[in-house]
Structures are given as C-alpha cells and as structure tokens.
Amino acid sequence: MTLRPAPDADGRDPAADGRDPAADGRDPAVDGRDPAVDGRAAQGPAARDPAAHGAAVDDSAAHGPTVRGPAAHGPAAALAEPVTRVGARWTAALSLANGSVWVGWYGPLQVLLAVQAAQVAPAGWSKESVLAWVTGIGAAVSLVANPLFGAVSDRTTSRWGRRTPWVAAGVAGGAAGLVVLALVDGMTGMVLGWCLVQLALNATYAALVAAVPDRVPTAQRGAVGGWLGVSQTLGVVLGTGLAMAAGGLFAGYLACALFTVLAVIPYVLFGQDTPLPRTLRPPFTWRGFAAGFWISPRRHPDFGWAWLTRFLVNLGNALALLYLLYYLRDVLDVPEPEDGVLALTALNAALLLATVVAGGIWSDRAGRRKPFVLWAGVLMAAATVLMACWQTWTGVLCAAALLGVGFGVFTSVDFALMADVLPTARDRGKDLGVINIANSLPQVAAPAIAAPLVRYAGGYPALYLTAAAIGLAGALLVLRIRSVP
C-alpha cells in the first residue's frame, strides 16, 4: 500500500498536483477547516458532469462528505452541491426578504438620517459632519459584520438550519435599531442606533445571500441573482418612499421597521433551510476562526480574480456616480440639478430592472458567465467615456442608459459567477461576506480618488476617464478565471 498525504482544505490531494501542503503557510487545522469536510461546489466543466443532472456520484474519496444528486438527503445534505431547481415561491420569498433589508437600510440613508442630523447637530457641528460621522461609523460596522455573520451562520447547527435563525434574528435586531433611531434626540444615540441597524441587518443579508449557493443549482443562479437585483432596487425605492410618505422621523423609522419584519416572514416560514449536523461542524479555535477570513488567492486563484473583478467594476461605477449632482450643476449648467439627478436615476433604474433578470436567465441558458460580465463592464466603461467626452444633457442621458443596461447584467451574472467560484461549501456564508467587501470598499475608496482628480488632475474628464479605465480593467480580469466558462 502506498501512503499519500491527506487531502488539503480544497479537497484535492497535494501530491496529485505537485503542491506542498504547507506552501501557502497555512495549517488546515489552524484555518478552521477539516480536510475531510470540504463540500467544494462543482465548477465549470464539473458542473456539467453526470452529478449535475441528478445522477449520484461517489466522490467521497476526494471530497469527504460532499454528496450530489439523489443521495444528497443524508447527514451531509447541508454541504451538498444543489441539483434540484428551486421553485417560484422560494425565489419570491427570498427576494422579498432581501428587499426588506434594503428598505431598512435606504429609508434612513436616503431621507431619515439626513433630516435627523440637522435636528440633533451639537453646537459647532454642521449637519453634514454629523451625517458623515454616523454613516461612516455604520459603514465600518457593516464592513466587519457581513463576513463575521456569514462565518457564524456557516457553523450554526440549529434544527431550523444554518441561515434561517440569523435571518430572523437579524431583522429583529434591525427593527430594534430603527426604533432606537426613532426615539433618540442626540448624535450619540444616532450612532448607536445606526450601528445596531447595520450590525443586525448585515446578519440577515449575509444569511440570505448564502442561501443561494446552498439551495440553487449552478444553472439557475443567474436568474435568482437577477431577482435579487430587482428586489434590491425596489427596496431602495420603497424605503425612500416609506420614509418620505410616513410623515415625520418617528413614523418614518417605524414604517421601515414594520416592513422589514413583515416582509421576511414568508422566507422564515417557507425557506426550508437544511440543518448542519454537529458532527460536520469543525472544531472551533479563535485563531482558526480569524485565519479563515483570509482566502489565499494562490490556493483559490479564481476566487481572487472574481473578487478583484467585482471590486474594480464597482469602484468605476462609484466614481461615475459620486459627483453626478456637481457635474450637472457645474459642467452642464442644468438649471435644476436635483431634478436632473432624479431623472437620470429613474432612467438608470428602469433599464437596470429591464435587464437584470433577462441577463441572468440568458447567462443560465447559455451556460456561460464570463462573456456577460466582460461586455457588461465594457458598456459601463463606454458610458463613463461618454460623460468625459460628450458633455451635454443628451450625452449624460445616453450614459445613464448604458450604465443601467450594463450594471443590470453585471449584477445578476457576476453574482452567479461568484457563487460558482466559492472555495468550499462549508464556508459559503463567510466567503460571500468577504466578497461583499468588494461592494462596500469602493464606496470608501471613491471619494479619496475622485476629489484630487477633479481638483488637481484635469477635472471631470479626468475623473470619468479614470473611472472607465478602472471598470474596464476589472471587466478584462474576468478572463483570468479558469473554472467558469
């Protein structure tokens, strides 16, 4: 009998591909992963093998307890690669719950926090400074909370499943934070209330997003990602509408809190989350838990390239939109720039809604992700080039339309691509939380890049050409991914 090294954390035999198990400096026992429990999802050609069409495949020798097909009903079902298509009811419940999170975030962000900041600003503080501190501290909490709760949900062994308890607890905590905001009358109270909202709703969001690779087969992820994009956009609009129509701060916060709780009930009742047996939960160490948040791009290069693609495309989009009001007022001399922003936002949102589901379904049927992400990025880069070179109202309308189409397709298909390159089934929540940093970090980086470009490096043409170059670079990097077509 020939003795061979045990498989490493991605389920492969290091001897089989010539890698040294210690080459990346990580001990499988230290990073919190049990080499025997991987659950790596099928990617690329593997997603089209007999297992992807319902045939049971015995791959336990290479992947531990990962089970596919009809056999995926035993103890390892929570870590199985899904092969059964989800129904319309499950997708609708997931989308409604996702929309509730965005209502809870954007009712305050678009309207209520700004109004409250003006009311509670201490002597010597401007309302802009108060709002910046409240939202900035909340953004820092969000950046940490999403991957943290994703990792905690990965380890949850509740009889209600890994994700559902955190969906329910998160909306309860988020609603409580909104009530706190409704009752406080000082800046400290605002900071505490908004941090509670960000902390709790990120627990819900992390669990909801992780439910997609848990339950949705590869060939359906584009469509489900599209419906999540629709619910996100409608949640922003509805949250803003509730905050404005409720009639005051107290009523506005309560309206958002009530909707957030009620809209998640169908998913909690009908989500059918599969429990994780305690025997499949790896031993816990603080060192291993912390080390797990680093996902080696050397060991998982496709995950690294996909993360960088999302970060750069989102950064380009953030740069394009950050100073839109000032661009309309100072460059195009639009008489009512606020109305102009509203009109452009409406056009952008309408085209995003028209393409986000269609793009995801098209990608599913084609069995390909990279061409859609690439050309969506090219469209968005072309839009920002228009804003640099065609500085008229007609030019900015065309740019808003291209951005809506491009970002709609990118939203659904890139989500599906990210779900396809997750390193392990056991860490889906944590890994998707790490991916979410590529959504949040551009919002922090964009102001630091945009301000000096506009002020010292050529004004708005320099800003929009830089945005185009960054977004295009991100789109091109998707071609480096090998495991997804």
Side-chain angles (χ1 to χ4, degrees), residues 41-42 47 52-54 68-70 72-73 77-78 80-104 160-168 170-171 204-239 259-275 349-369 372 408-420 428-429 432:
H53 297 281
R68 299 185 179 92
H73 298 292
E81 176 68 11
V83 296
T84 303
R85 293 176 67 86
V86 296
R89 186 176 75 168
W90 187 88
T91 303
L94 181 77
S95 300
L96 183 61
N98 182 60
S100 77
V101 172
W102 292 88
V103 167
W160 293 286
R162 292 193 290 174
R163 316 302 179 189
T164 301
W166 296 103
V167 172
V171 294
T204 296
Y205 185 66
L208 288 172
V209 172
V212 176
D214 284 350
R215 291 291 309 277
V216 182
T218 298
Q220 198 183 6
R221 286 173 182 167
V224 173
W227 286 113
L228 289 180
V230 168
S231 66
Q232 173 181 325
T233 302
L234 294 180
V236 172
V237 173
L238 181 58
F259 182 89
T260 298
V261 171
L262 293 178
V264 86
I265 290 175
Y267 182 81
V268 171
L269 294 180
F270 306 120
Q272 299 176 333
D273 195 3
T274 305
L351 289 170
L352 186 151
L353 290 173
T355 57
V356 65
V357 176
I361 293 174
W362 189 7
S363 171
D364 285 342
R365 291 180 177 175
R368 306 187 72 188
R369 307 295 188 202
F372 292 87
V409 174
F410 179 82
T411 296
S412 57
V413 180
D414 187 67
F415 178 83
L417 184 147
M418 296 300 315
D420 290 345
R428 287 166 178 155
L432 284 167

Straight-line distance of Leu352 CG to Thr233 OG1, nearest 0.5 Å:
4.5 Å
How many angstroms lie between atom CG of Asp273 and atom CH2 of Trp160, to the nearest 0.5 angstrom?
12.0 Å
If we only count heavy atoms from C-beta on, is the Val224 to Arg85 side-chain gap below 4.5 Å?
no
Measuring only between side-chain heavy atoms, which start at C-beta, is Arg163 closer than 4.5 Å to Leu208?
no
State whether Asp214 and Arg428 are salt-bridged, where the test is any N-O pair (Lys NZ or Arg NE/NH1/NH2 against Asp/Glu carboxylate O) under 4.0 Å.
yes
Kindly give the heavy-atom pair with the smallest separation between Pro266 and Leu96, and that separation in Å.
CG-CD2, 4.1 Å
Any side-chain heavy atom of Val212 sitting closer than 4.5 Å to one from Leu228?
yes
Can you find a heavy atom in the side chain of Leu238 that is under 4.5 Å from one in the side chain of Leu234?
no
Checking Arg221 against Asp364 for the salt bridge (Lys or Arg N to Asp or Glu O under 4.0 Å) test, could you report, in this order, the C-alpha distance in whole Å, the side-chain angles of both residues, the deciding distance, and whether it holds?
CA-CA 7 Å; Arg221 286 173 182 167; Asp364 285 342; over 6 Å; no
Looking at every heavy atom in both Ala211 and Leu94, which two are closest together, and how far apart are they?
CB-CD1, 4.4 Å
Whether Ser412 side chain and Gly226 backbone form a donor-acceptor pair below 3.5 Å
no
Around atom CH2 of Trp227, are there more than 12 heavy atoms from other residues, nucleotides or ligands closer than 6.0 Å?
no
Could you give the distance from CZ (Phe410) to CG (Leu417), rounded to the nearest 0.5 Å?
9.0 Å
Would you sort out whether Trp90 and Phe270 count as a ring-ring contact (aromatic ring centres under 6.0 Å, His included), showing the intermediate values?
CA-CA 7 Å; Trp90 187 88; Phe270 306 120; over 10 Å; no
What's the shortest heavy-atom distance between Val171 and Val261, and which atoms?
O-CG2, 4.2 Å
When you measure from the side chain of Ser231 to the backbone N and O of Ser95, does any donor-acceptor pair fall under 3.5 Å?
yes
If every non-hydrogen atom of Thr84 is compared with every non-hydrogen atom of Pro217, which pair is closest and at what distance?
O-CD, 3.4 Å
Val264 to Ser100 - nearest heavy-atom pair and separation
CB-OG, 4.3 Å
N/O donor-acceptor pair under 3.5 Å between Arg215 side chain and Gln272 backbone:
yes
So how far is it from Asp420 CG to Met418 CE, rounded to the nearest 0.5 Å?
10.0 Å
Shortest non-hydrogen contact between Val409 and Phe372, atoms and distance:
CG1-O, 4.0 Å
